[in-house]
There are 2 protein chains.
Amino acid sequence: MADDTTSYDLLEGAGLRPTAIRQRVLSALLSAGRSLSHRDLVELLPGLDRVTIFRSLKLLKEAALVHGVQGVDGTLRFVVNPAERRGCPGGHAHFLCLECGAMTCLLDQELPRVGVPAGAEVRGKQLLVYGICPECAAGKRSKAERARRAPASTGRSRRPRSLG
Amino acid sequence: MADDTTSYDLLEGAGLRPTAIRQRVLSALLSAGRSLSHRDLVELLPGLDRVTIFRSLKLLKEAALVHGVQGVDGTLRFVVNPAERRGCPGGHAHFLCLECGAMTCLLDQELPRVGVPAGAEVRGKQLLVYGICPECAAGKRSKAERARRAPASTGRSRRPRSLG
DNA sequence: GGATATTTTGCAACTAAATTGCATTTTCTG
DNA sequence: CAGAAAATGCAATTTAGTTGCAAAATATCC
């Protein structure tokens, strides 16, 4: 897979050992075109241990190769950081579909600066918009299809047009 | 307790039966001065069943008496809606302390409008800033004190002064 | 007021996410 | 190649949240 070369380089560049497992996890995230939960990855990478995937994700996040967004549904999802943000994680809004569970980055959305209590130390912030994604809203997805978690979506992140 | 009258009225006004349990849950949230997780409430209201508390919270949220915010730590926290927002839940940012778990409302922070994919239906949004709260940053809280979850904090929501 | 229907509550069991400890394997270093 | 360090797999545990059902409380109707 072409992605494997990429993930190898990314891992090395981030100072992580490019083990086979980490490459597979990162590759999956790279080629997904959308965010993946730990559970998604378990299904996508059969044969890999759940715990090892958890640990890989933690490392990838610490190395700022990916970022995690906590959904209002309580599930943490991971997305590969765009190249220009590598080493400077987060920073954009996300949209979470309450129906199919897909979460997409809204890359062109800057996060606002927020006033915090005096003396507080800010580590990060996340802006999460949630509702029903275009596919689900259009009823294109049957209840059966989307049963449990997000199915492999088209992943195309279209240009935002409406306001929420 | 003075709060009990208030919570009784709030419940009635919202069209919910003002049962003893719901009053206790709502009173706890009213007098907390900060957000409480389900777990906080279980500890704060001994003798009440976990499941009943879950169900009460769900009702309170649906009635827009409180709103819930999903922390980056994966825990859902609940806050009483300010009077002017009752019936119009959400709408402001929150600060979550990663150390003690306390979450406070940043009431004067409006949520920005966010562009979403065309055709998406927005149900809500949340802006969460996380880091270390002033108390923890000042080392006022010992490791033992804050062991597991937020201790009863002062709850004073001071005026935001720095930017995150 | 009493019988009946509806809600609410408590309990037990269950699902799911995430973490921890430890033994084993793999990888790096000299 | 030997020894040290890191990564992996597995089992068990913790925690959040849900579901089904029976018992208790509350409302409704006559």
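Because only heavy atoms are used, hydrogens play no part in the values below, and waters and symmetry mates are left out as well, while side chains stay in. We name chains A, B, ... by the order of the sequence lines, and we start the count at 1 in each one.
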To the nearest Å, how far apart are [X] [atom1] and [N] [atom2]?
X       : N      : atom1 : atom2 : result
B:Arg77 : D:dG17 : CZ    : P     : 10 Å
A:Gln23 : C:dT27 : CD    : P     : 11 Å
B:Asp73 : D:dG17 : CG    : C1'   : 15 Å
B:Gln70 : C:dA17 : CD    : P     : 13 Å
A:Asp40 : C:dA18 : CG    : P     : 11 Å
B:Phe54 : C:dG10 : CZ    : P     : 15 Å
B:Lys58 : C:dT9  : NZ    : P     : 14 Å
B:Leu76 : C:dA17 : CG    : C1'   : 15 Å

First locate atom CG of A:Leu30, then atom CG of A:Leu10, and finally report the distance between them rounded to the nearest 0.5 Å.
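Spacing of CG (A:Leu30) from CG (A:Leu10) equals 6.0 Å.
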Specify the angle, to 10°, made by the local axes at the two ends of the helix from C:dG1-D:dC30 to C:dG30-D:dC1 when five pairs are taken at each end.
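What I find for the helix from C:dG1-D:dC30 to C:dG30-D:dC1 is an axis angle of 30°.
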Give me each pair satisfying ring pair (Phe, Tyr, Trp, His ring centres under 6.0 Å) with a member in residues 104-130 of chain A, each pair once, sequence neighbours excluded.
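Pairs touching residues 104-130 of chain A that pass the test: none.
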Checking B:Asp40 against B:Ser37: is there a side-chain donor and acceptor pair closer than 3.5 Å?
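Yes, a side-chain donor-acceptor pair sits under 3.5 Å.
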Taking the side chain from B:Gln23 and the backbone from B:Pro18, do they hold a donor-acceptor pair closer than 3.5 Å?
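The answer is yes, because a donor-acceptor pair under 3.5 Å joins these two groups.
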Compare every heavy atom of A:Ile21 with every heavy atom of A:Ser56, then report the nearest pair and how far apart it is.
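Scanning both residues completely, I find the closest heavy atoms to be OG-CG2, 3.9 Å.
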With sequence neighbours excluded, what pairs up with B:Arg17 under the salt bridge (charged side-chain N to carboxylate O under 4.0 Å, His left out) test?
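Per chain and number, B:Arg17 pairs via salt bridge (charged side-chain N to carboxylate O under 4.0 Å, His left out) with no residue.
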For A:Glu121, salt bridge (charged side-chain N to carboxylate O under 4.0 Å, His left out) partners two or more places apart:
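Residues passing salt bridge (charged side-chain N to carboxylate O under 4.0 Å, His left out) with A:Glu121: A:Arg123.
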When B:Leu29 is tested against each of B:Leu65, B:Val79, B:Leu60 for side-chain contact (heavy atoms from CB on, under 4.5 Å), which residue passes?
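The option that passes is B:Leu60.
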By side chain to side chain contact (heavy atoms under 4.5 Å, CB included) - contacts of A:Leu76 (at least two apart):
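Side chain to side chain contact (heavy atoms under 4.5 Å, CB included) list for A:Leu76, sorted by chain: A:Lys61, A:Gln70, A:Phe78.
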So for B:Arg50 and D:dA16, does any side-chain atom that can act as donor or acceptor lie under 3.5 Å from a complementary atom in the base?
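Side chain to base: no pair present.
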In the 5'-to-3' direction, what one-character label does each nucleotide of nucleotides 2-9 of chain D receive under the scheme B = base within less than 4.0 Å of a protein heavy atom, S = sugar-phosphate only, - = no such atom?
----SSBB
